[in-house]
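Structure first, then comments.
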Amino acid sequence: MTFSKNIRIIIAVAMSVAAAVSCKKDNSDEEMLPSLGGQLRFEMKSYAFENESITVTPSGVSHPEGRGFGYYWTVSSVTEQNDTTKTESDPVTATGEYTFTTPDSLGTFTVSCTAFASGYYSTSSSRYVTTVNVRESVIDTTLGYAGSFSYFTDPRDNKIYRTVKVGDTEWFSENLAYAGTEDVPTGLPYDNASAMTDIFGLYYTWSEAVSACPDGWRLPDADDWMALANTYVKSGDEMFTDPYGDFAGITGALMVDAKFNSEDNPMWEYWPDVKITNESGLSVLPCGFANITVTPDGKAGYFDTAYRYAAFWTGDENPDENDQAYIRYIYWDAPVMQLSSTPKESFATTVRCVK
């Protein structure tokens, strides 16, 4: 199963659909049935690994008369028939929990749950889920890059990162994905789905980012980003001198013309003013950023900018705004690496480390 080219931001979408269950009185009239109480829902991550076992539990529905009701499930590309996990005759306390295994191919499938009871309209809810594979989901066409990569193993978790030398500075050419320790976790995966950690890296608040890089590496500061930009200034153009200014005309050298899960799904939308070459070897992807909220279970991120932005923390705080620090970002339709000042703790984005 492959992605449609029109799918640009793949997120979990909840739908509630009423399925009409009616009883014919005669050829012209239908009996209007009452509805079950509440709204059916179930929580599920929007990304999963291939062949991953997932358990989901429905909630939110009640029987107006206090009687039992049932659940059945369907999973596109997985099951050919409805799987019933609870019937009307089961105890009211039965959860209707459902366990299934995701497809063994990349793509998007639908998980649907329906609550039903005799004499009542049924009610349904669905989630879209995308299967990913760390080795195959990002089809990386490092166009024009003639240099050679090195590799660094983070001793904290044994993750291996591709690195590249630009001028006198060595850069990660992948986003950092260090999750901290069990006692002190750090960073969030894209769309809060752990299956995306090794693909997009993790998204850090600024206070997390400044200490997230491994020993010997650090968060790049404003001067590091300017030196990087000056490496790709076109012949005859002036060099950049303001580390807090915008860097025009250099983004194509940083971006990679990658596809996600399918050759038909480019991650960077085409824009005629941006010629993607990945000359730097930094292989920048439009991973976007997250707005952070605090829930009873901890921090969660709201992601809505993937496929449009690449954004990276700098090590520099804004001296005029104590609660803000600077990010460097690329927007898909402009050949300019721009600068923005952003709240340190309610905003999270990706990290590149340098040494």
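Because the structure is predicted, anything quoted here is derived from the model rather than measured.
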If you count every heavy atom of other residues, nucleotides or ligands that lies below 6.0 Å from [X] atom [atom1], does the total exceed 12?
X      : atom1 : result
Asp215 : CG    : no
Lys275 : NZ    : no
Glu43  : CD    : no

Legend entry - Shortest non-hydrogen separation from Thr131 to Glu50 and the atoms involved: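 Smallest heavy-atom distance, with atoms named: CB-CG, 4.3 Å.
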Legend entry - Taking every non-hydrogen atom, the tightest pair across Leu40 and Cys113: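 Smallest heavy-atom distance, with atoms named: CD2-O, 3.2 Å.
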Inset, instruction - Check the hydrophobic clustering (I, L, V, M, F, W, Y; side-chain heavy atoms under 4.5 Å; chains of links allowed) and say if Tyr151 and Tyr161 are grouped together. - result: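 Yes, same cluster.
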Legend entry - Side-chain heavy-atom pair Val134, Phe49 within 4.5 angstrom cut-off: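 No, too far: nothing below the 4.5 Å cut-off.
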Legend entry - Sub-4.5 Å side-chain heavy-atom contact between Ser173 and Thr163: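 SC-SC contact between Ser173 and Thr163 ruled out.
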Is [X] salt-bridged to [Y], going by a charged N under 4.0 Å from an acidic O?
X      : Y      : answer
Arg162 : Asp140 : yes
Lys299 : Glu208 : yes
Lys259 : Asp257 : yes

Legend entry - Stacked cation flag Arg67 on Tyr120, 6.0 angstrom / 45 deg: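 No, a cation-pi geometry is absent between Arg67 and Tyr120.
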Inset, instruction - Check the pair Tyr98 / Phe42 against ring-ring contact (aromatic ring centres under 6.0 Å, His included), numbers first and verdict last. - result: CA-CA 11 Å; Tyr98 181 54; Phe42 60 94; 9.3 Å; no
